[in-house]
Trainee: 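Below are the structure tokens for one structure; questions will follow.
Convention: sequence-line order gives letters A, B, ...; per-chain numbering from 1. All values below were derived from every heavy atom in this structure, side-chain atoms included, with hydrogens, water molecules and symmetry-related copies excluded. Model, not experiment: these values are computed from the prediction.
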Number of protein chains: 2
Amino acid sequence: MVLVRAEPRGRRTQWLRGVLDLAVLALLAETGEDYGYTLLQRLAKAGLPDVQAGTLYPLLNRLAADGLVRAEWRAGAGGPGRKFFALTDEGRTALTERGAEWTDFARNAVALVERGMRA
Amino acid sequence: MVLVRAEPRGRRTQWLRGVLDLAVLALLAETGEDYGYTLLQRLAKAGLPDVQAGTLYPLLNRLAADGLVRAEWRAGAGGPGRKFFALTDEGRTALTERGAEWTDFARNAVALVERGMRA
DNA sequence: CCAACTAGTAGGTCTCGCAAACTAGTGGGT
DNA sequence: ACCCACTAGTTTGCGAGACCTACTAGTTGG
């Protein structure tokens, strides 16, 4: 069978790299716990739209493998079973440390680009 | 011969993806033109340190191939020849359009992460 | 039965890091 | 003169990681 490969959806997808995990950790920090499907919707609302399910689920597994989140399966109450994720202590530490580095980096990059746009 | 592979330098390297080209375009917009070696130093000063030469030069070639910059070789005054790069009209357009998208995205991501850190 | 939910896998792509080669001048030691 | 080390610059090959698309597959409610 021939896999017809569509165009990748451009630069925006590159910007997620290395930020998406922080974004997920941040969402979990806000609500205590959540599962994949609604995380996708919350990401979209937070201004990171179009994150693919096939991107998020492996990411959640990576986070769990790294010990930053813990997973718990619960049978569905009005729907299929859901796998809830919650921050571990290690996850919270990672969020604060890496989060600070990210905001530093992002602010520098935004400042640079804006200077260039004004020039 | 065995290639000993060093650890990649962590998450920061992912953050460059899709931003480094904007950063370079922005630097060129500020000064009109520049060449690779000094661009590396200016990137470091702008808060994007440790960009590798082997990363920047292929990037400059990509930008040239895409018509966003034009290259001009000049014989060296006190050193080897230098390849100067300058924005094209298309490059300036790309900078303003993509730059606005980037700052949008980055601000959303920073806001989200900071909310999570405070929670 | 269909639509909305929910989770997962396989394979591919792209951009980056690392390492090293290569070219050209400059200055020091012998 | 000659060699060497150092700085300034550019280029290229290989490898890796995190994302994408496409596809699979289950459950529940109208």
Trainee: Starting from P on C:dC14, measure out to CG on A:Leu16 and report it in whole angstrom.
Mentor: 17 Å
Trainee: Give a yes/no on whether any side-chain N or O of A:Arg11 is located under 4.0 angstrom from OP1 or OP2 of C:dT15.
Mentor: no
Trainee: Applying side chain to side chain donor-acceptor pair (under 3.5 Å), can you list everything that pairs with B:Glu33, at least two apart in sequence or on another chain?
Mentor: B:Arg74
Trainee: Could you pull out all residues at least two apart from A:Arg70 that satisfy salt bridge (charged side-chain N to carboxylate O under 4.0 Å, His left out)?
Mentor: none
Trainee: In chain order, what residues pass the ring-ring contact (aromatic ring centres under 6.0 Å, His included) check against A:Phe105, with sequence neighbours excluded?
Mentor: B:Trp15
Trainee: Whether the A:Thr38 and A:Arg82 side chains hold a donor-acceptor pair (N or O, under 3.5 Å, no angle test) is what I'd like checked.
Mentor: no
Trainee: Specify the separation, in whole Å, of atom CD of B:Glu72 and atom P of D:dT10.
Mentor: 13 Å
Trainee: Side chains of A:Gln14 and A:Arg17 only: does a donor on one sit below 3.5 Å from an acceptor on the other?
Mentor: yes
Trainee: Below 4.0 angstrom from OP1 or OP2 of D:dA16, is there any side-chain N or O of A:Arg17?
Mentor: no
Trainee: Going by heavy atoms closer than 4.0 Å, what residues in residues 90-117 of chain B are next to DNA chain D?
Mentor: none
Trainee: What contact category does B:Ala53 fall into here, base, sugar-phosphate, or nothing, at under 4.0 angstrom with non-hydrogen atoms?
Mentor: base
Trainee: Does anything in residues 23-48 of chain A reach DNA chain C, meaning a heavy atom under 4.0 Å, and if so which residues?
Mentor: A:Tyr35, A:Gly36, A:Tyr37
Trainee: Quick one: list whatever passes ring-ring contact (aromatic ring centres under 6.0 Å, His included) with B:Tyr35, sequence neighbours left out.
Mentor: B:Phe84
